[in-house]
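In the text below, chain A, chain B and the rest are named by the order of the sequence lines, each starting its count at 1.
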Number of protein chains: 2
Amino acid sequence: MARISGSNGARTATAIRSAALTLIYRQGFAAMNLRDLAAEVGIQPSSLYNHITSKQALLFDMMQEHMATLLAATDAALEAAGPALMDRLRAFIAHHVLYHMERRQEVYIANFELRALDPPNYRQIVEMRRNYEARLMALLEEGVATGELEVADIPVTTFAMLAMLTGICTWYRPNGRLEKAELVALHTELALNGVRRRAVSAR
Amino acid sequence: MARISGSNGARTATAIRSAALTLIYRQGFAAMNLRDLAAEVGIQPSSLYNHITSKQALLFDMMQEHMATLLAATDAALEAAGPALMDRLRAFIAHHVLYHMERRQEVYIANFELRALDPPNYRQIVEMRRNYEARLMALLEEGVATGELEVADIPVTTFAMLAMLTGICTWYRPNGRLEKAELVALHTELALNGVRRRAVSAR
DNA sequence: TCTGGAAACTAACGTACCTTCGTTTCCCAG
DNA sequence: CTGGGAAACGAAGGTACGTTAGTTTCCAGA
């Protein structure tokens, strides 16, 4: 027995990524081993190396792809929101929450397996993360400049908002009590309440 | 050479906990190995077993101790805050943020190494976590009942608030731009703005 | 139809890991 | 002063891991 009838490189590569996603999400990158991964895909451990160059490279590729997709999708959402600042801010938040529910495994890994990356890979992913955070920070800055927002400290508020919104990928489960749309709406309000300009009588 | 002059059980045990904290925080539990841990403490790997029963038990003990301390400290802070709901809510938030800055390694581990626990240990720590979350949820419920707070969905808001406030332990660094007290104040306002009853003119 | 590369297999290498064992030395209670 | 437990040591067992090597089979393009 050697190459299996009907085997297909692209399909196997996809299956590896998909299985790795589940296993890393569940156990963490360091705790995942290539034997389990291969078994999940239905091939021998050594066959993985027809599709990956190393365990480390697999993680890096997955993270990089995820971050690139997230950045592109975010920019598209911002573009579609039109010119008004509050519309763009809402779009950012809503997109972030929805994306983090629908791809919570990718997101979770990208957030919590950074330390598993080799230094050069680490630097590259962190740079992409910074780009993402910069999108929100720029929106807050703009809102403060126009007076639509009231933000005591822009960097801290950026991190706090992102932490809150990203948190959803740690506890959200499909088939939970609430629909995705409801969770998006709830989080959007919570986030905006933290930065919206308060009417004088409410302070 | 065998038992070292001046060696002391309690001191070594403490040193192990302390070194493990740093190593697990930096690399993750699965990626930390007992050889590195022993080297950090200054003893041989096998000598660790005079103080721990297994690597898994070390993690569990550390987590359990942390959660017990957190629960006790939180209750003390709530007690000291007096009877008024908003005082207790502020006290909870402020205490949470301060605690998460001062013991960010313990907190980070307790939050993100849950999956490294064996099932029975896992259940026990998750139960303690739920107790902690219940403290905040009860405060929000009380505030909604008295009308002091306006919360669209109590469980979701609880999780979102905790995610935001806990997030600080992922990016806070001593000697950063802001003092602890400033960060506490900023986060307290951000969190309260999300749940405080809005004046009519501000809605 | 034929051939080269893609994609799988089996086997194994070398290392690193957690843990156990038996021994040695030190400290302290009686 | 002395005996027993506490706390360290060195050495090694047994396993599991990432990865490489060499081989075999299938598929697609000429």
Atom pair distance, as rounded to whole Å: [atom1] in [X] and [atom2] in [N]:
X	N	atom1	atom2	result
B:Ile16	D:dA6	CD1	C1'	13 Å
A:Leu34	C:dT15	CG	P	19 Å
B:Arg11	C:dC26	CZ	P	15 Å
B:Leu37	C:dA16	CG	P	18 Å
B:Met32	C:dT19	CE	C1'	14 Å
A:Asn50	C:dC9	CG	C1'	10 Å
A:Leu58	D:dT19	CG	P	10 Å
B:Ile52	D:dA7	CD1	P	14 Å

Point to revise | First of A:Gly42 and A:Arg35 reached from the 5' end of DNA chain C, by closest nucleotide | key: A:Gly42
Which nucleotide sits closest to the side chain of [X]: [options]?
X	options	value
A:Asn33	D:dC9, C:dC18, D:dG18	D:dG18
A:Pro45	C:dA8, D:dT19, D:dC9	D:dT19
A:Tyr49	D:dT20, C:dC18, D:dC9	D:dT20
B:Ser46	D:dG10, D:dT19, C:dT10	D:dG10
A:Gln44	C:dC9, D:dA8, C:dA8	C:dC9
B:Lys55	D:dA8, C:dA8, C:dC18	C:dC18

Exercise for review: List the steps, then state whether salt bridge (charged side-chain N to carboxylate O under 4.0 Å, His left out) holds for A:Arg35 with A:Glu40.
Suggested key: CA-CA 9 Å; A:Arg35 281 171 175 76; A:Glu40 189 74 21; over 6 Å; no
Any carboxylate oxygen within less than 4.0 angstrom of a Lys/Arg side-chain nitrogen, looking at [X] and [Y]?
X	Y	result
A:Arg196	A:Glu148	no
B:Arg88	B:Glu79	no
B:Glu189	B:Arg90	yes

Hey, does the side chain of [X] come within less than 4.0 Å of [N]'s phosphate (OP1/OP2), counting only N and O?
X	N	result
B:Ser47	D:dA7	no
A:His51	C:dA8	yes
B:Thr12	D:dA7	no

Review point. With a 3.5 Å cut-off and no angle check, do the side chains of B:Asp118 and B:Asn121 form a donor-acceptor pair?
Key: no
